[in-house]
Colleague: 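What follows is a structure written as structure tokens; I'll ask about it next.
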Amino acid sequence: MKNQIVYFSFSTLVLFSSSSCAENKTTVPDVVEKKVETALPFSSVSLSDMTDFTTVSNNWTIAGGAYADRSQNHILQTNAGSGVLINIPSEGAKENLFTTFEHGDIELELDVMIPKGSNSGIYFQSRYEIQLLDSWGVVKAGHGDMGGVYQRWDASKEKGLEGYEGHSPKINAAKTPGLWQHMKVIFHAPQFDDSGNKIKNAWFEEVWLNGVLVQENVMMTGPTRGGLEDEKPLAPLMLQGDHGPVAFKNIQYKLYSNKSIGFKDLQLTTYENVDKQFPNLDSLEILNETAVESINLRTLANNNTQKIFKYAGEMVIPNTGEYLFDIKVNGGAAMLISSDTLISMNGDYNVDSLGLGKIYLEKGDVPFTLIYNKHTPWRRNFDIYAEGPGIQKYSLQKVVKKEGNQEIKQDYSIKVDSEPITQRSFWMHEGEKRTHCISVGMPQRIHYTYDLNTGSLLQVWSGDFMDATKMWQGRGEKQLGEPIGFIVSLHGDPEFALLENKDSQWPDHLIENREFRQQGYEFDAQGIPIFLYQINGSNVTNKMVPSNTERSLTRIVTIDGSSGLWYKVADGEHIQKLPDGTFIVNDESYYVEFDKNSNLKPMIRNNGGRDELLVQVPAGTQNINYNIIW
């Protein structure tokens with residue numbers, strides 16, 4: 001192996017040296033750790049000009065930004081600059097746009113903005129459309145709504161064109177017009193034999209919209225309406241230009257082939273073990289040693305045993321380039337390639353721990369060792385994933401299917417009927433576990449989670465309510481509730497603070513606030529909770545009411561005190577006041593719309609490189625009323 005470069009995961013606590021690994025010693029030297037990204041990088045479509053596209057008509061331009069008034073149909077305004085692709089069709093110019101690159105299997109991510117009432121589409125291989133549409137507020141989304149796989153047309157019907165094979169999104173995750181929406185798609189091209197005959201249909205493995213999986217494993221028997229009719233192994237991406245205005249940014253992709261990592265001369269050795277730290281394997285009794293064809297530790301991981309399993313052999317590397325390996329383990333694990341330790345999870349890890357290693361490998365055979373330390377009987381689960389040049393991330397383990405023995409999963413979801421529901425639990429917010437949370441589910445399918453320890457709103461979402469699986473399975477160790485639906489995360493800091501002036505640092509929620517006294521909550525006549533607390537002698541009540549007609553949540557905050565305070569509404573990389581008086585947070589997350597009759601005026605400030613939307617609250621009885629719209 002030439003010019004080998006090894007990167008170590010930032011989550012790795014201890015790593016073996018090359019020599020100590022080869023000798024299976026337990027002495028572990030200190031090493032310099034390096035952060036490893038969780039995925040290999042994408043290629044980007046340049047939006048500084050139009051050079052990454054073929055012949056361009058006048059409806060397509062490059063701009064520095066876009067703004068769509070959510071109250072006006074088909075209106076998209078732009079400003080000078082670069083980084084945003086704009087389509088504004090007219091009678092004289094409404095052509096589709098094609099990339100200069102062609103693709104077969106592809107993973108595509110981009111951001112898209114759709115004005116009110118507008119319509120567009122992304123055609124994979126210029127033939128298979130994922131629909132882009134203003135679908136905000138649609139109760140039951142169809143194939144023609146945002147995130148739908150558009151239908152095919154049958155021209156042979158006597159009564160004219162008739163549609164079939166359209167696929168509706170699982171949930172309507174479309175944001176309100178004018179917000180940037182994130183889309184991720186994994187698409188697989190049709191396959192052909194040497195004679196050009198199609199032997200496998202194209203299919204969409206996954207379509208994600210705003211963090212929600214809206215399509216999964218959708219087979220395409222042929223092109224959708226509006227796409228080119230002949231099917232090919234390679235073709236460009238096409239953006240629809242003839243329907244309505246639309247904006248794109250952050251277009252990036254990975255191209256995949258059908259290649260994968262192979263194995264040669266694999267041997268599985270099993271040892272008896274109870275130690276959480278890796279022992280000297282030479283000192284352990286070998287229970288079993290056998291030649292195998294593939295890696296399969298899932299069955300072994302689910303047995304109530306205490307053993308070490310070691311695979312040793314050669315990896316067959318299909319392409320030269322960087323490879324990323326990711327181990328998920330309950331217990332301990334290590335991976336060696338040649339004589340270098342790529343990943344060491346020496347101790348007691350769980351499946352949420354990062355076990356990452358990135359390495360440059362040349363095409364050909366390389367020796368490797370994979371060790372799994374199942375030191376605790378009830379600690380289960382093991383998997384190892386890999387991705388590389390032209391190789392989509394996948395599990396290296398052989399999947400064993402048992403015919404007629406399908407796993408039945410227990411449903412631990414909490415559903416809302418005609419009355420609000422409250423549920424206490426731990427909650428994850430931006431990668432951190434919050435321990436004093438209450439989630440509120442509403443019949444309007446607008447829900448939220450509130451941190452009682454800091455008096456702050458953490459998340460809002462629409463759809464189903466809550467998944468309590470992690471509160472019950474695995475002895476309920478994690479005690480985590482999880483939202484089900486389309487989520488928007490909020491700042492999560494204390495919402496009120498006593499600042500010396502408008503430039504003072506906002507307090508972090510981890511800093512003890514001796515002026516904050518949580519006083520619980522009570523319920524109004526409709527069963528909606530009202531949260532109560534004191535801050536610096538001021539009494540605060542906090543109530544959140546969902547809209548009956550749109551995806552929004554109204555906040556009603558009342559403050560009664562003898563001294564002034566500051567209230568934090570939002571923070572983000574960028575907050576802007578729009579011409580209609582609403583505020584847009586992060587350009588893509590959500591709108592904040594204040595009660596126009598309020599005497600309290602919000603302000604935007606930059607603090608530590610982030611924008612904050614604040615309200616200065618004078619002494620006396622004051623009300624802060626606003627809507628969060630997404």
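Counting begins at 1 with the first residue of the sequence.
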Colleague: Verify, without hydrogens or angle tests, whether E387 (side chain) and L40 (backbone) share a donor-acceptor contact under 3.5 angstrom.
Modeller: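 Indeed, once roles are kept as given, a pair shorter than 3.5 Å links the two residues.
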Colleague: With side chains defined as the heavy atoms from C-beta onward, is the minimum distance between P546 and Y448 less than 4.5 Å?
Modeller: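 Not touching, per the 4.5 Å side-chain cut-off.
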Colleague: Do F325 and Y385 have ring centres separated by under 6.0 Å?
Modeller: no
Colleague: Under a 4.5 Å cut-off applied to non-hydrogen side-chain atoms, are V585 and V592 in contact?
Modeller: yes
Colleague: Salt bridge check: are E37 and K358 linked by an N-O gap of less than 4.0 Å?
Modeller: no
Colleague: Is it the case that the side chain of H491 and the backbone of K568 share a donor-acceptor pair, with hydrogens and angles ignored and the cut-off at 3.5 Å?
Modeller: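 Yes: the side chain of H491 pairs with the backbone of K568.
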Colleague: Using modelled atom types and a 3.5 Å cut-off, is there a donor and acceptor pairing between side-chain atoms of H447 and backbone atoms of M442?
Modeller: yes
Colleague: Side chains of D134 and W136, heavy atoms from C-beta outward: is any pair under 4.5 Å?
Modeller: yes
Colleague: Taking atom types as modelled, is there a side-chain donor on H182 or E109 under 3.5 Å from an acceptor on the other?
Modeller: yes
Colleague: Any salt bridge between K249 and D111, counting N to O under 4.0 Å?
Modeller: no
Colleague: Once you measure the plane-to-plane angle for W427 and W461, does it fall in the parallel (<30°), tilted (30-60°) or perpendicular (>60°) bin?
Modeller: parallel
Colleague: Got a donor-acceptor contact below 3.5 angstrom from the Q519 side chain to the V540 backbone?
Modeller: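 Not at all, since once roles are kept as given, no pair shorter than 3.5 Å links the two residues.
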Colleague: Does a donor on one side chain and an acceptor on the other come within less than 3.5 Å for Q131 and H143?
Modeller: no
Colleague: If we only count heavy atoms from C-beta on, is the F124 to V185 side-chain gap below 4.5 Å?
Modeller: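 Answer yes - side chains close enough.
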Colleague: Hydrogens and angles aside, do Y256 and E107 bring a side-chain donor and acceptor to less than 3.5 Å of each other?
Modeller: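 Their side chains do contain a donor-acceptor pair, which is all the 3.5 Å distance test asks for.
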Colleague: Is D326 salt-bridged to K393, going by a charged N under 4.0 Å from an acidic O?
Modeller: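 So D326 pairs with K393 through a salt bridge.
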Colleague: What class does the angle between the rings of W472 and Y412 fall in, given that below 30° is parallel, 30 to 60° is tilted and above 60° is perpendicular?
Modeller: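 W472 and Y412: parallel rings.
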Colleague: Run the side chain to side chain contact (heavy atoms under 4.5 Å, CB included) test on Y533 and F496 for me, step by step, so that the C-alpha distance in whole Å, both residues' side-chain angles and the decisive distance to 0.1 Å come before the verdict.
Modeller: CA-CA 11 Å; Y533 62 86; F496 281 97; 3.1 Å; yes
Colleague: Check salt bridge (charged side-chain N to carboxylate O under 4.0 Å, His left out) between D464 and all other residues, then give those that pass, not counting sequence neighbours.
Modeller: R445
Colleague: State whether a side-chain donor-acceptor pair under 3.5 Å links E593 with T582.
Modeller: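 Looking only at side-chain atoms, T582 and E593 do not form any donor-acceptor pair under 3.5 Å.
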Colleague: If only side-chain N and O atoms count, and only distance matters, is there a donor-acceptor pair under 3.5 Å linking R379 with N350?
Modeller: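 The criterion, which ignores hydrogens and geometry beyond distance, is not satisfied for R379 and N350.
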Colleague: Could R70 and Y591 be counted as a cation-pi pair, given that NZ or CZ must be under 6.0 Å from the ring centre and within 45° of the axis?
Modeller: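 Yes.
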Colleague: Do other residues, nucleotides or ligands put more than 12 heavy atoms under 6.0 Å from K170 NZ?
Modeller: yes
Colleague: Looking only at side chains, do D411 and S413 share a donor and an acceptor under 3.5 Å apart?
Modeller: yes
Colleague: Scan L297, I327, V329 and name whichever one has a side-chain contact (heavy atoms from CB on, under 4.5 Å) with I384.
Modeller: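 Running side-chain contact (heavy atoms from CB on, under 4.5 Å) over L297, I327, V329 with I384 returns exactly one hit, I327.
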Colleague: For V149 and Q215, run side chain to side chain contact (heavy atoms under 4.5 Å, CB included): C-alpha distance rounded to whole Å, both residues' side-chain angles, the deciding distance at 0.1 Å, then the answer.
Modeller: CA-CA 8 Å; V149 177; Q215 302 281 359; 3.8 Å; yes
Colleague: Looking at N172 and S135, would you say the former's side chain and the latter's main chain have a donor-acceptor pair under 3.5 Å?
Modeller: yes
Colleague: Can you check whether I528 reaches K543 side chain to side chain, under 4.5 Å on heavy atoms?
Modeller: yes
Colleague: Flag the pair F278 / N373 as yes when at least one side-chain heavy-atom distance between them is below 4.5 Å, and no otherwise.
Modeller: yes
Colleague: Does the side chain of S395 come under 3.5 Å of the side chain of D383 through a donor N or O and an acceptor N or O?
Modeller: yes
Colleague: Assess whether side chain to side chain contact (heavy atoms under 4.5 Å, CB included) is satisfied between W566 and V615, documenting all intermediate values.
Modeller: CA-CA 6 Å; W566 287 83; V615 175; over 6 Å; no
Colleague: Would you say the side-chain atoms of K415 pair up with the backbone N or O of F465, donor to acceptor, closer than 3.5 Å?
Modeller: no
Colleague: Check the side chains of N625 and R555 for a donor-acceptor pair under 3.5 angstrom, ignoring hydrogens and angles.
Modeller: no
Colleague: Set out, in order, the CA-CA distance, both residues' side-chain angles and the distance that settles salt bridge (Lys or Arg N to Asp or Glu O under 4.0 Å) for K140 and D145, then state yes or no.
Modeller: CA-CA 9 Å; K140 186 174 178 59; D145 283 298; over 6 Å; no
Colleague: For Y128, run the ring pair (Phe, Tyr, Trp, His ring centres under 6.0 Å) check against W203, Y150, F187 and tell me which one passes.
Modeller: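 Single pass found, and it is F187.
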Colleague: Establish, from distance only, whether the side-chain atoms of E419 and Q526 form a donor-acceptor pair under 3.5 Å.
Modeller: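 Checked: E419/Q526 side chains show no N/O donor-acceptor pair below 3.5 Å.
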Colleague: Just by distance, no angles: are the side chains of D467 and T469 close enough, under 3.5 Å, to form a donor-acceptor pair?
Modeller: yes
Colleague: Quiz question: by atom type and distance under 3.5 Å, do the side chains of T558 and N623 form a donor-acceptor pair?
Modeller: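 A donor-acceptor contact under 3.5 Å links the two side chains.
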Colleague: Taking C-beta and beyond as the side chain, do R610 and E573 meet within less than 4.5 Å on heavy atoms?
Modeller: yes
Colleague: Is M183 close to I122 at the side-chain level, that is, under 4.5 Å between some pair of heavy atoms?
Modeller: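 Sidechains of M183 and I122: in contact.
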Colleague: Counting only heavy atoms not in R424 (residues, nucleotides, ligands), do more than 12 fall under 6.0 Å from its CZ?
Modeller: yes
